[in-house]
Amino acid sequence: FTGARKGGKEGLFQMAQKGTLFLDEIGELSLPTQAKLLRVLEEREIMKVGSGELIRVDVRIIAACNKNLLEEVEKGRFRRDLYYRLYVLHLDIPPLRARDQDIMELIYSYLKSHRQNGISFSAGAIHVLLSYSWPGNIRELNNFSERVSVLYSGRLYTLEKEDVLPLLQMEHHDSASTKIPHAYIKPRRSLSPEYV
């Protein structure tokens, strides 16, 4: 097949040798794949497809999941032995909607990394951004920041609430009032003084 090499290609575990391998969405692995991963973690050996040779691997695993893996274990969708093999250190990273103090910093950081230092946000726009629940989490925030970067590239501009709402792809009913769909509103709370 295209790209085939005599002797095969290095797999992820080989490429990560003496390093770290990040496995995203570990909860989506099929049960047979979970069994193979468990064997690699237990035996610290892999076998390339089509080969009979075992290769020793020394790899640290970081696994991420947006599900409660213990619940998945109880439902029979995730292997209990693999769960306990992976569960050495647990880091709970809250969703973006629970970290509104990070939202503006992340947006400005993204814009700065794309040399868009002339873009800022009015108090009304910031209020909308902090009230929005970001259902797509950091990926949605990055997409929003990229839209801002593309649309206002190279300009000195302060975005108002009316500029921000369409960029969040939210409903805009009329010029006098803008309604945010109920599903995307977080419970009312006080904003940090720096954003008011």
Side-chain angles (χ1 to χ4, degrees), residues 3 12 15-16 19-30 33 60-69 71-72 77-78 86 89-196:
L12 292 176
M15 288 191 285
T20 302
L21 182 61
F22 175 63
L23 302 176
D24 198 9
E25 301 298 350
I26 192 94
E28 302 300 325
L29 287 179
S30 66
T33 305
R60 177 190 303 117
I61 299 291
I62 297 177
C65 188
N66 65 359
K67 298 177 178 179
N68 182 322
L69 277 186
E71 286 179 10
E72 295 296 297
R77 294 194 289 243
F78 199 84
L86 289 170
L89 176 64
H90 177 81
L91 299 174
D92 186 23
I93 301 173
L96 191 56
R97 66 182 166 272
R99 298 181 293 140
D100 51 353
Q101 72 278 5
D102 295 339
I103 290 171
M104 294 312 300
E105 186 174 335
L106 288 167
I107 290 171
Y108 280 123
S109 174
Y110 181 92
L111 293 174
K112 184 178 179 183
S113 72
H114 286 80
R115 299 182 185 161
Q116 303 298 331
N117 298 327
I119 298 171
S120 60
F121 298 85
S122 71
I126 290 172
H127 182 75
V128 168
L129 293 169
L130 298 183
S131 298
Y132 185 60
S133 68
W134 300 98
N137 215 358
I138 194 70
R139 289 179 182 99
E140 183 180 10
L141 183 132
N142 283 341
N143 285 343
F144 166 81
S145 302
E146 188 171 355
R147 278 194 292 278
V148 169
S149 178
V150 168
L151 291 172
Y152 298 94
S153 178
R155 294 167 58 185
L156 287 172
Y157 194 82
T158 300
L159 278 79
E160 300 292 338
K161 178 171 84 169
E162 295 74 22
D163 300 317
V164 166
L165 287 168
L167 297 178
L168 290 172
Q169 300 173 343
M170 301 167 83
E171 297 174 15
H172 189 281
H173 293 284
D174 58 55
S175 58
S177 68
T178 304
K179 183 176 180 183
I180 299 173
H182 179 71
Y184 299 116
I185 295 179
K186 294 186 283 189
R188 192 176 202 101
R189 68 202 181 293
S190 59
L191 299 176
S192 303
E194 63 200 275
Y195 295 130
V196 179

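Throughout, residue positions are numbered sequentially from 1 according to the sequence presented. These numbers were taken from a predicted model, which means no experiment stands behind them.
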Exercise for the section: Not counting sequence neighbours, which residues clear salt bridge (charged side-chain N to carboxylate O under 4.0 Å, His left out) with Arg77? List them please. Expected result: Glu72

Exercise for the section: Write down the atom of Ile103, the atom of Leu129, and the distance for their closest heavy-atom approach. Expected result: CD1-O, 3.9 Å

Completion exercise
What one should report as the nearest heavy-atom pair of Cys65 and Ile26 is CB-CG2, 3.9 Å

Handout entry: Beyond-backbone contact of Asn137 with Asn66, side-chain heavy atoms, under 4.5 angstrom
Key = no

Problem - Partners meeting side chain to side chain contact (heavy atoms under 4.5 Å, CB included) with Ser30 (sequence neighbours left out) - result: Pro32, Thr33

Exercise for the section: Could you walk me through whether Leu167 and Leu151 pass the side chain to side chain contact (heavy atoms under 4.5 Å, CB included) test, one step at a time? Expected result: CA-CA 10 Å; Leu167 297 178; Leu151 291 172; 3.3 Å; yes

Problem - Distance-only side-chain donor-acceptor flag, Thr20 / Arg60, under 3.5 Å - result: yes

Exercise for the section: Mark yes or no for whether Glu162, through its side chain, and Glu160, through its backbone, hold a donor-acceptor pair below 3.5 Å. Expected result: no

Completion exercise
Applying salt bridge (charged side-chain N to carboxylate O under 4.0 Å, His left out) to Glu28 and not counting sequence neighbours gives Lys67

Problem - Proximity of Tyr110 and Phe144 rings by center, below 6.0 Å - result: no

Fill in the blank from the handout: Between Lys161 and the options Leu159, Leu165, Asp163, the side-chain contact (heavy atoms from CB on, under 4.5 Å) test singles out Leu165

Exercise for the section: Report the distance from atom CG of Asp100 to atom OG of Ser131, rounding to the nearest 0.5 Å. Expected result: 8.5 Å

Handout entry: Donor-acceptor contact below 3.5 Å, side chain Ser145 vs main chain Leu141
Key = yes

Exercise for the section: List for me each residue that meets side chain to side chain contact (heavy atoms under 4.5 Å, CB included) alongside Asn117, sequence neighbours excluded, and say none if there are none. Expected result: Lys112

Exercise for the section: Show your reasoning for whether side chain to side chain contact (heavy atoms under 4.5 Å, CB included) applies to Met104 and Leu130. Expected result: CA-CA 8 Å; Met104 294 312 300; Leu130 298 183; 4.3 Å; yes

Practice task
Determine, step by step, whether Leu111 and Tyr152 satisfy the side chain to side chain contact (heavy atoms under 4.5 Å, CB included) criterion, reporting the C-alpha distance in whole Å, the side-chain angles of both residues, the deciding distance to 0.1 Å, and the verdict.
Solution key: CA-CA 10 Å; Leu111 293 174; Tyr152 298 94; over 6 Å; no

Exercise for the section: Please lay out, stage by stage, how Leu96 and Leu106 fare under the test side chain to side chain contact (heavy atoms under 4.5 Å, CB included). Expected result: CA-CA 10 Å; Leu96 191 56; Leu106 288 167; 3.8 Å; yes

Problem - Under 3.5 Å: donor-acceptor pair, side chain of Trp134, backbone of Arg139 - result: no

Fill in the blank from the handout: Rounding to 0.5 Å, atoms CG (Leu91) and CD1 (Ile93) come to a distance of 6.0 Å

Practice task
Using side chain to side chain contact (heavy atoms under 4.5 Å, CB included) as the criterion, list what pairs up with Ser109, not counting sequence neighbours.
Solution key: none

Completion exercise
By side chain to side chain contact (heavy atoms under 4.5 Å, CB included), Phe22 pairs with (sequence neighbours left out) Asp24, Ile62, Ala64

Completion exercise
Of all heavy-atom pairs linking Val164 and Ala125, the shortest is CG2-CB, 3.6 Å

Practice task
Specify the closest pair of heavy atoms between Ile119 and Ser149, including all atoms of both residues, with the distance to one decimal.
Solution key: CD1-CA, 4.5 Å

